[in-house]
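Sequential numbering from 1 along the given sequence is applied to the chain's residues. These values consider heavy atoms only, across backbone and side chains, with no hydrogens, waters or symmetry-generated copies. Note that ligands are numbered from 1 as they come in the structure, with each ligand's atoms numbered from 1 the same way.
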Amino acid sequence: MKDEIYKALVEIVGEEFVSNRKEELYIYSRDSGLSDPSFPDFVVMPKTVEEVQKIVQLANREKIPLVPAGASLTLSGLTIPQRGGIVLDMRRMDRILELNRRGRYIVIEAGVTQGKLQSFLEENCPDLCHSLPEAPPSATVVGNLLIHGQGNLTQPYGFNSSMVTGLEVVLPTGQICRIGSCSLSPYWFSIEPLPYLAGLFLGWFGTTGIVTKLGLKLFPKKKLRDVELFVLEDPNLLVEAIYRITHTEMAEDVTTIAQPYPLMFRGTIMIGIYITGDTEEELEFKRKIIWESLGEIIKAKEGGFMALMPEMKKGLLEKPMSSLTRTADILKGGGFVYCGAIIPIEKFPDALRKLVEIAERNGITYAHSGRVIGRGHCMMFAFAFPFNRGDPESMKKAKKALHESYAATLEIGGVPWKPGAEEQKMILEKMDRGTVELIGKIKALLDPNGIMNPGNWEVRL
Ligand SMILES: Cc1cc2nc3c(=O)[nH]c(=O)nc-3n(C[C@H](O)[C@H](O)[C@H](O)COP(=O)(O)OP(=O)(O)OC[C@H]3O[C@@H](n4cnc5c(N)ncnc54)[C@H](O)[C@@H]3O)c2cc1C
């Protein structure tokens, strides 16, 4: 049977783009996080939507699990084929299809990476940009949106997934459909005002369909960008400081950092405030308004701006910020996992306390980074743990700390972001029963044979 499936896949995409070789499947059996590996039977790299459609039809007919994958960089095992089957590597579908400059949107295929889109815009349209996450440039834009990612424009505009203007999806039964204005017009400018069908695919981890094309909002890119670091010690005061900063509506991005290494950072919390402007004057104006908003805290000597050495400033202004991975690699060995908790900002002090407790209890170190979402509507709070991949004991401790962080997130009233299969179960257990049932019904309706990324968002009706 496996030989027949292999032959059928070769017929669809050509021999060069299918593999059942152990050494190639190995790469798709794991990610850079701490999830247990599991091998697929085949990996396929389609080039066209018609090829995707034929693969989906084959998988549906033969009831073979199908796992769509971008760069597999979530760190939570979301593309590890838990029940074998076919991994659909989307990275050959990497065309940028349309740039609508006046309408500030772009239409791309599912395999376009963050790096490719970033350099395309820099070259072809330097006055526009998209919301760029700190993920490595090889991460796909679609993979990021499908997990409700966040980037440098998330503070003013919300989750990256709210920036989608259109979708083309191959449903688990093989039907192709379009979502948004592109379903009735040649223009991919908006999901609204039609029924909000994008919600059937965003946040579902590839369990409801394969996204093949996506329309994405672009935003004005100012010529100049600068960063200020506001430092304080009291986590309660951070909540107030962020309220004041976001009230000014002057920042492009607001991030948080708290970590015990390097030692100079220990005991402090830093708020990274990014400002942009087309002129030095605009930049100065925004800087002044933000400084004034924090004036009382500075006057009370409860916080202050840190003078930034040029090297440090350069690192903070890098897009994406590679220093993030360097800091995470503090134990050497290249291991780093995090539980990204989406929490109300007022819960920052509780989350930080829990993070320190979890690290101490497990005898490991931590690194927190966070990002404000919307104008302070919530934030992503990363409970991050570096580990040494060469040391199984340190991996075990990080895994336990990670699990405890998910539990802590739920305990303080937060929602874990991009949870792995085990953590999805924790979420579903706590979730309102009616909502769980609705998730189950939607999945059963769209994917009657349960072939799509099985093991994820699994509900027994
Ligand atoms: C150092 C580092 C920093 C990071 N910083 C950030 C950050 O600042 N912000 C942020 O948001 N994330 C961050 N991440 C997390 C993650 O890497 C990114 O969100 C990344 O963009 C995910 O894209 P991907 O291509 O790796 O997705 P994948 O892991 O390949 O896929 C994600 C999910 O979507 C599904 N999927 C993928 N493609 C399709 C498709 N075409 N159709 C249907 N389903 C599909 C997969 O099955 C999976 O469930 C970071 C990760 C690292 C390692």
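Remark: the His130 side chain and the Gln118 side chain contain no N/O donor-acceptor pair separated by less than 3.5 Å. With hydrogens and angles left out, the side-chain atoms of Thr212 and Glu168 include a donor and acceptor closer than 3.5 Å. Side-chain atoms of Lys400 and Asn362 form a donor-acceptor pair, as typed in the model, at a separation below 3.5 Å. No side-chain donor-acceptor contact under 3.5 Å links Asn160 and Gln150. For the 3.5 Å distance criterion, the side chains of Asn152 and Tyr274 fail to qualify, holding no donor opposite an acceptor.
In the candidate list Phe205, Phe336, Tyr338, Trp204, Tyr338 is nearest to atom 50 (C) of ligand 1, counting heavy atoms. The nearest non-hydrogen atom to atom 17 (O) of ligand 1, considering only Leu66, Leu145, Leu73, comes from Leu73. Taking each of Val169, Val142, Leu214, Asn144 in turn, the one with a heavy atom nearest to atom 22 (C) of ligand 1 proves to be Asn144. The closest heavy-atom contact to atom 29 (O) of ligand 1, among the options Val52, Thr74, Thr154, comes from Thr74. For atom 46 (C) of ligand 1, the choice among Ser32, Gly206, Pro68 with the nearest heavy atom turns out to be Pro68. Looking at Pro133, Ala135, Gly151 and measuring to atom 5 (N) of ligand 1, the nearest heavy atom belongs to Ala135.
Short contacts between ligand 1 and Ser72, defined as distances under 4.0 Å to a heavy atom of the residue, involve ligand atoms 26 (O), 28 (P), 29 (O), 30 (O). Annotation for ligand 1: atoms under 4.0 Å from non-hydrogen atoms of Thr140 are 21 (O), 23 (O), 24 (P), 25 (O). The ligand atoms of ligand 1 that sit less than 4.0 angstrom from a heavy atom of Val211 are 40 (C), 41 (N), 42 (N), 43 (C). Each of the following atoms of ligand 1 lies closer than 4.0 Å to a heavy atom of Ala139: 20 (C), 21 (O), 23 (O), 25 (O). Atom numbering of ligand 1 starts at 1 in the shown order; those under 4.0 Å from a heavy atom of Ile147 are 19 (O), 32 (C), 33 (C). Below 4.0 Å from some heavy atom of Gly149 lie the following atoms of ligand 1, by number and element: 11 (O). Using a 4.0 Å cut-off to heavy atoms of Ala110, the atoms of ligand 1 that qualify are 41 (N). Using a 4.0 Å cut-off to heavy atoms of Asn453, the atoms of ligand 1 that qualify are 47 (O), 49 (O).
Nearest heavy-atom pair, Leu78 versus Asn453, reported as atom, atom and distance to 0.1 Å: O-ND2, 3.0 Å.
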Should Phe387 and Phe336 be marked as a ring-ring contact (aromatic ring centres under 6.0 Å, His included) after you check the CA-CA gap, both sets of side-chain angles, and the distance that decides it? CA-CA 6 Å; Phe387 61 87; Phe336 142 66; 8.6 Å; no
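Using 4.0 Å as the threshold, Val67 has no heavy atom nearer than that to any atom of ligand 1. At a 4.0 Å cut-off, at least one heavy atom of Arg371 sits close enough to ligand 1 to count as contact.
At under 3.5 Å, a nitrogen or oxygen of Gly70, whether backbone or side chain, sits near a nitrogen or oxygen of ligand 1. At least one N or O atom of Glu134, backbone or side chain, sits closer than 3.5 Å to an N or O atom of ligand 1. Ligand 1 has no nitrogen or oxygen under 3.5 angstrom from a nitrogen or oxygen of Ile210.
The pair Glu50-Lys54 does not meet the salt-bridge criterion, since no charged nitrogen lies less than 4.0 angstrom from a carboxylate oxygen. Note on Asp391 versus Lys396: no salt bridge recorded, every NZ/NE/NH1/NH2 to OD/OE distance being 4.0 Å or above. A salt bridge links Arg83 and Glu458; the closest N-O separation between the charged side-chain nitrogens and carboxylate oxygens is under 4.0 Å. A salt bridge is defined here as a Lys NZ or Arg NE, NH1 or NH2 lying under 4.0 Å from an Asp or Glu carboxylate O, and Lys399 with Asp36 meets this definition.
From the protein, the heavy atom lying nearest to atom 52 (C) of ligand 1 is Pro136 CD, 3.8 Å. Looking only at heavy atoms of the protein, atom 1 (C) of ligand 1 is closest to Thr325 CG2, 3.3 Å. Remark: minimum distance from atom 39 (C) of ligand 1 to any protein heavy atom is reached at Leu146 CD1, 3.6 Å.
Residue pairs meeting the ring-ring contact (aromatic ring centres under 6.0 Å, His included) criterion with at least one member in residues 439-461, sequence neighbours excluded: Phe205-Trp457.
Every residue meeting the salt bridge (Lys or Arg N to Asp or Glu O under 4.0 Å) condition with Lys286, not counting sequence neighbours, appears here in chain and number order: Glu282.
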